[in-house]
Amino acid sequence: MAGAAAEKRRLASVVESWRGRPVLILGDAMLDEWRFAESDRLCREAPAPVLTLRRRISAAGGAANTAVNVAALGGRAALVAPVGADAAGDELHDCLDRAGVWDRTVSLHGRPTAVKRRMLAGNQILLREDSGDPDDLLDEEGVTRLLTALDRATEELRAAGGEAPTLVVCDYALGGLPTGVRGWLVANRDRYATVALDAHDLADWRGLAPTVVTPSFAEASRLLARAAAGSTRPVGTDLHLDHPDGEVSDGPSELTVGVAPGEGAARLGPTGEPTPGEGRVAMTGDGLSVTGTGVTVNAGAGDEVDRATLAESRLAELREHTGAEVVAVTLDTDGAVVGGPDGERRRSHSTPVPASHAVGAGDAYLAAMTLALAADAPLPTAAQLAQLAATITVSDTGTCVCRREDLLAALDAPRGTADRSTPVGAEELATIVDEHRRAGRSVVFTNGCFDVLHPGHVRYLAQARALGDLLVVAVNSDGSVRRLKGADRPVNPVEDRVTLLAALACVDHVVIFEEDSPARLIEVVRPDVYVKGGDYPPEMVPEAPLVRRLGGQVRTLGYVPDRSTSAIIDRIRSHGQDVSSPVAGQA
């Protein structure tokens with residue numbers, strides 16, 4: 001039991017370490033629309049249910065949902081994607097704003113936002129209507145605008161995080177990532193520290209050299225089939241993919257039980273969602289056993305092979321053909337198989353759920369895997385967290401999003417230490433900072449009176465938090481404020497000021513100091529980054545020489561215009577004088 005608790009604490013520390021990581025998501029964004037209806041009769045015209053719409057939900061889908069998951073898990077997510085200048089695009093923008101994603105999408109006229117509309121009755125999906133033409137590639141102007149947005153977002157995230165951002169590419173064959181965009185990414189690969197790729201056609205991305213790829217079983221099969229085309233393969237287990245009429249699946253691995261395509265017999269079973277029992281199939285001597293969306297598995301007589309075993313046997317080839325350090329083959333309700341440079345194979349498992357519960361679970365898997373690898377977590381840890389993130393999102397119908405607090409709750413992480421900023425004393429602060437520094441995390445330090453907390457403070461502190469992994473805010477005591485600001489200040493006592501600061505998500509710890517200068521605390525904390533507000537250069541900050549002597553850097557962040565404590569207090573006093581005047585009283 002003690003070992004299990006220690007393992008959960010270790011995993012929770014990784015979740016904490018990726019907080020604020022800058023991640024740029026690029027790709028095919030779409031809107032997921034869920035229409036929940038009731039039905040109690042069939043229509044007279046046909047044996048079809050009559051539906052009464054009761055509820056409608058819109059959610060970010062595709063690359064947009066990956067961005068939402070990155071933000072929900074605690075990363076700093078920016079989305080670059082082509083989006084139509086239409087009603088669906090407006091709804092998608094609202095979804096991104098609510099999730100806290102930096103919306104850097106490119107609005108295009110004449111190219112509609114891709115939408116997946118699902119109609120449900122009794123939580124059963126009855127039909128799905130898709131809009132958006134995969135053949136509608138970006139024109140030259142669209143490519144130019146997308147590359148401009150991509151370049152700017154990359155620099156914006158680098159400036160906010162002080163390091164090369166992580167890149168996630170989501171290519172779902174909807175035309176948003178044409179050749180010009182792929183070429184730009186290959187040429188600019190060195191601008192990104194970690195690169196994750198989720199693509200329906202991995203062969204298009206061989207030159208990117210991604211850190212991790214997350215193909216489904218069908219996507220992995222497609223790549224291997226293309227690589228094997230025209231060559232003689234060794235005798236034994238073989239994967240082949242032949243899509244009729246060039247059709248490309250956009251869902252999970254789709255398998256049916258029957259005979260191989262092209263052998264003169266019709267395929268058996270439905271296509272679309274995985275069928276029961278598809279994961280483990282007894283192979284026969286004629287090699288005709290499992291088909292579906294063209295996937296054919298051949299093996300020797302008497303062999304019993306499942307998708308996980310097949311994927312494990314081909315991980316090295318998948319790494320070779322994708323150029324990726326890590327390959328994670330996702331198996332829907334069967335979990336995933338992961339392989340890295342060490343050659344070890346790692347298997348994770350999931351809990352079978354209705355298909356309507358698993359929409360977007362792969363986005364949660366991709367987001368958690370990417371954040372963990374970006375935080376330099378070992379591959380087994382990243383695989384564990386990715387599978388856990390995907391698993392805990394599938395409890396209900398809808399597009400899956402894994403929140404940081406839910407992931408920590410699944411790891412039994414105490415809320416007081418893992419997800420809430422805490423007022424501390426100077427001695428306790430020194431211990432906390434030492435622990436974080438030993439874990440390789442950078443410490444950001446700022447100080448101020450914060451007398452009347454306002455939007456300028458909130459933006460300033462959020463920007464400061466983005467510069468490192470831990471933000472410590474030092475607050476002047478009441479006596480210190482009086483000496484600095486005058487006898488009529490502070491307006492709010494230090495207890496209230498600390499409570500408000502500690503409630504901000506971007507603040508990790510708050511400490512009070514009695515002196516007029518935070519120099520003593522700076523020596524205790526030895527910050528990696530010391531931040532001050534103002535429009536003057538860092539050289540003019542009084543504490544700059546001390547910070548630099550201790551090995552840190554100094555940054556200054558500008559204030560929001562007309563958002564200062566003094567200006568707010570002046571307006572309040574002016575308003576009070578107006579109210580007390582005879583003219584104001586007559587109004």
Side-chain angles (χ1 to χ4, degrees), residues 16 19-20 74 404-405 413-436 441-534 541-543 547 555 557 559-560 563-569 572:
E16 291 183 57
R19 186 177 175 187
R404 178 173 176 267
E405 51 266 36
R415 182 174 175 83
T417 59
D419 201 40
R420 181 175 57 84
S421 54
T422 313
V424 296
E427 185 174 336
E428 183 183 1
L429 178 62
T431 302
I432 292 171
V433 168
D434 286 343
E435 291 177 354
H436 282 279
R441 300 174 194 133
S442 58
V443 179
V444 181
F445 181 94
T446 190
N447 63 277
C449 299
F450 300 100
D451 194 0
V452 178
L453 199 63
H454 54 72
H457 287 139
V458 175
R459 194 184 79 160
Y460 165 80
L461 292 171
Q463 291 176 335
R465 178 61 176 77
L467 298 175
D469 300 314
L470 187 80
L471 176 61
V472 176
V473 179
V475 181
N476 294 76
S477 68
D478 290 348
S480 177
V481 174
R482 278 192 292 271
R483 291 192 297 272
L484 293 171
K485 302 291 185 179
D488 59 345
R489 300 281 297 275
V491 173
N492 293 303
V494 70
E495 294 82 9
D496 292 353
R497 292 183 278 134
V498 166
T499 299
L500 290 173
L501 287 167
L504 296 177
C506 58
V507 176
D508 294 290
H509 295 288
V510 185
V511 61
I512 301 169
F513 65 100
E514 297 288 342
E515 304 85 356
D516 295 345
S517 166
R520 182 179 63 87
L521 278 177
I522 289 175
E523 291 184 342
V524 170
V525 174
R526 303 175 70 88
D528 298 283
V529 184
Y530 176 65
V531 182
K532 285 294 289 183
V541 175
E543 295 81 9
V547 173
R555 297 284 296 271
L557 302 175
Y559 289 120
V560 178
R563 293 293 188 272
S564 71
T565 300
S566 298
I568 292 173
I569 293 174
I572 293 172

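Bear in mind the structure is a predicted one, so any value in this text is a computation, not a measurement. Along the sequence shown, residues carry numbers from 1. The figures here come from the full heavy-atom set of this structure, side chains too, leaving out hydrogens, waters and symmetry mates.
Asp528 is linked by a side-chain hydrogen bond (donor to acceptor under 3.5 Å, both in side chains) to Arg437, counting only residues two or more places apart in sequence or in another chain. Shown here are the side-chain contact (heavy atoms from CB on, under 4.5 Å) partners of Ala430, two or more places apart in sequence or in another chain: Val524. Considering only residues two or more places apart in sequence or on other chains, Asp469 meets the salt bridge (charged side-chain N to carboxylate O under 4.0 Å, His left out) condition with none of them. Not counting sequence neighbours, the partners of Asp516 by the side-chain hydrogen bond (donor to acceptor under 3.5 Å, both in side chains) test are Arg483. Under the side-chain contact (heavy atoms from CB on, under 4.5 Å) criterion, Val529 pairs with Val444, Leu467, Val531, Gln553, Arg555, not counting sequence neighbours. Under the side-chain hydrogen bond (donor to acceptor under 3.5 Å, both in side chains) criterion, Glu523 pairs with no residue, sequence neighbours left out. For Ile512, the side-chain contact (heavy atoms from CB on, under 4.5 Å) criterion is met by Ser477, Val494, Val498, not counting sequence neighbours. Evaluation of the side-chain hydrogen bond (donor to acceptor under 3.5 Å, both in side chains) rule for Arg441 yields His436 as partners, not counting sequence neighbours.
For residues 471-482, the pairs satisfying salt bridge (charged side-chain N to carboxylate O under 4.0 Å, His left out) are Asp478-Arg497, with sequence neighbours left out.
A pairwise comparison of heavy atoms in Arg404 and Gly74 identifies CD-CA, 4.0 Å as the closest pair. Nearest heavy-atom pair, Phe513 versus Pro518, reported as atom, atom and distance to 0.1 Å: CE1-N, 3.9 Å. Gly468 and Ser442 get closest at one heavy-atom pair: CA-OG, 3.2 Å. The two residues Leu521 and Ala474 make their nearest non-hydrogen contact at CD1-CB, 3.8 Å. Of all heavy-atom pairs between Ala462 and Cys506, the closest is N-SG, 3.8 Å.
Atom CZ in Phe450 sits 9.0 Å away from atom CG in Asn476 (nearest 0.5 Å).
Among Ile522, Val443, Thr446, the single residue meeting the side chain to side chain contact (heavy atoms under 4.5 Å, CB included) criterion with Tyr530 is Ile522.
No donor-acceptor distance shorter than 3.5 angstrom exists from the side chain of Asn447 to the backbone of Val475, with no hydrogens or angles considered. Within the 3.5 Å criterion, the main-chain N or O of Glu515 finds a donor-acceptor partner in the side chain of Ser480. Between the side chain of Asp451 and the main chain of Val491, a donor-acceptor pair closer than 3.5 Å is present.
Looking only at side-chain heavy atoms (C-beta outward), Arg465 and Asp508 come within less than 4.5 Å of each other.
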